[in-house]
Trainee: 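This structure is in structure tokens; I'll ask about it shortly.
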Amino acid sequence: GENVEQHPSTLSVQEGDSAVIKCTYSDSASNYFPWYKQELGKRPQLIIDIRSNVGEKKDQRIAVTLNKTAKHFSLHITETQPEDSAVYFCAASPPLTSGTYKYIFGTGTRLKVLA
Amino acid sequence: DTGVSQDPRHKITKRGQNVTFRCDPISEHNRLYWYRQTLGQGPEFLTYFQNEAQLEKSRLLSDRFSAERPKGSFSTLEIQRTEQGDSAMYLCASSYIGNTIYFGEGSWLTVV
């Protein structure tokens with residue numbers, strides 16, 4: 001079945017450094033890749049997303065890159081701040097025309113930004 | 001706040017009891033999803049509605065679980081004869097056109 005692998009499971013960086021989280025998906029038909037940030041006890045919140053017709057997308061300190069051939073995508077956070085500390089989840093979604101709308105989530109990366 | 005709202009936020013129940021969770025999606029969203037999340041894991045898809053029609057169900061959704069969305073607005077998720085393995089956070093999400101889904105704060109279930 002569909003699967004999304006996410007690495008690393010935990011990541012500690014010094015404040016101001018960059019953080020990179022990587023995901024690999026199995027379903028080549030997937031064409032939408034959101035990233036969610038979840039703080040303890042809170043809802044997952046969408047922070048950035050990318051569609052398969054785009055190779056890179058940037059929003060201030062956050063960027064996502066997609067390699068369709070290799071079926072992997074990455075989240076890059078630059079100039080990390082303590083408030084970036086949270087669990088980050090990647091997900092893959094099939095095209096709307098497939099008739100299914102479920103996201104397949106990775107297992108999450110716990111990011112700790114050390115002050 | 002016009003986000004997805006869920007009720008109750010926390011529920012502790014004894015094994016064997018039934019529980020029901022309610023989700024109110026963002027008002028113009030026609031698609032509604034239920035996910036389950038356990039500690040240290042990503043959300044797992046349970047079921048999906050488009051308007052009032054339940055179009056997809058995960059095999060995770062055993063016959064003890066039932067979800068409804070009677071008028072295409074709010075939805076309920078009922079778990080009958082709860083088991084300790086049902087302890088998790090149950091997340092509701094909604095979307096309109098396109099893929100992007102927005103989650104509610106979740107309903108934490110603890111089965112003792």
Trainee: Give the cluster check for V20(A) versus L66(A): same hydrophobic cluster or not, with ILVMFWY residues linked at side-chain heavy-atom distances below 4.5 Å.
Mentor: no

Trainee: Identify which part of S93(A) has an atom lying under 4.5 Å from any heavy atom of chain B, answering side chain, backbone, both or neither.
Mentor: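 When you check distances to chain B, only side chain atoms of S93(A) fall under 4.5 Å.
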
Trainee: Kindly compute the distance separating NZ (K42(A)) from CE (M89(B)), expressed to the nearest 0.5 Å.
Mentor: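 One finds 11.5 Å between NZ of K42(A) and CE of M89(B).
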
Trainee: Linking I/L/V/M/F/W/Y whenever their side-chain heavy atoms sit closer than 4.5 Å, directly or via other members, would L77(B) and Y48(B) fall into one cluster?
Mentor: no

Trainee: Between S95(B) and chain A, with a heavy-atom cut-off of 4.5 Å, which part of the residue counts as in contact: side chain, backbone, both or neither?
Mentor: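 Contact with chain A involves no heavy atom of S95(B) at all.
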
Trainee: Does one hydrophobic cluster hold both F45(B) and Y32(A), with members joined at side-chain heavy-atom distances below 4.5 Å?
Mentor: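 Linked within one cluster.
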
Trainee: CZ/F105(A) to OH/Y35(B) distance, rounded to the nearest 0.5 angstrom?
Mentor: 5.5 Å

Trainee: Need one label for L46(B): side chain, backbone, both or neither, based on atoms under 4.5 Å from any heavy atom in chain A.
Mentor: neither

Trainee: To the closest 0.5 Å, what do you measure between OG1 (T100(B)) and CG (L46(A))?
Mentor: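 Answer rounded to 0.5 Å: 6.0 Å.
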
Trainee: Heavy-atom cut-off 4.5 Å, strictly under: side chain, backbone, both or neither for E105(B) against chain A?
Mentor: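 Both backbone and side chain.
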
Trainee: Check this for me: R61(A), atom CZ, are more than 12 non-hydrogen atoms of other residues, nucleotides or ligands nearer than 6.0 Å?
Mentor: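 Correct, the count exceeds 12.
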
Trainee: Of the non-hydrogen atoms in R43(A) and V4(B), which two are nearest, and what is the gap between them?
Mentor: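 For R43(A) and V4(B), the tightest heavy-atom pair comes out as NH1-O, 3.9 Å.
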
Trainee: Between F103(B) and Y36(A), is any pair of side-chain heavy atoms under 4.5 Å apart?
Mentor: yes

Trainee: Do I62(A) and L11(A) share a hydrophobic cluster (ILVMFWY, side-chain heavy atoms under 4.5 Å, transitive)?
Mentor: yes

Trainee: Given that the side chain runs from C-beta out, which part of P34(A) has a heavy atom under 4.5 Å from chain B: side chain, backbone, both or neither?
Mentor: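 Neither part; nothing is under 4.5 Å.
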
Trainee: Does the side chain of Q38(A) come within less than 4.5 Å of Q37(B)'s, by heavy atoms?
Mentor: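 Yes, at least one pair of side-chain atoms sits under 4.5 Å.
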
Trainee: Might you confirm whether atom CD of E68(B) has over 12 heavy atoms from other residues, nucleotides or ligands at distances under 6.0 Å?
Mentor: no

Trainee: Would the number of heavy atoms belonging to other residues, nucleotides or ligands and lying under 6.0 Å from CD of E79(A) be above 12?
Mentor: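 No, not enclosed.
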
Trainee: With a cut-off of 6.0 Å (strictly less than), are more than 12 heavy atoms of other residues, nucleotides or ligands near CD of Q60(A)?
Mentor: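 Atom CD in Q60(A) is not packed in, count stays at 12 or less.
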
Trainee: So, do Y103(A) and Y33(B) sit near enough that their side-chain heavy atoms are less than 4.5 Å apart?
Mentor: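 They are not in contact (no side-chain heavy atoms under 4.5 Å apart), so the answer is no.
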
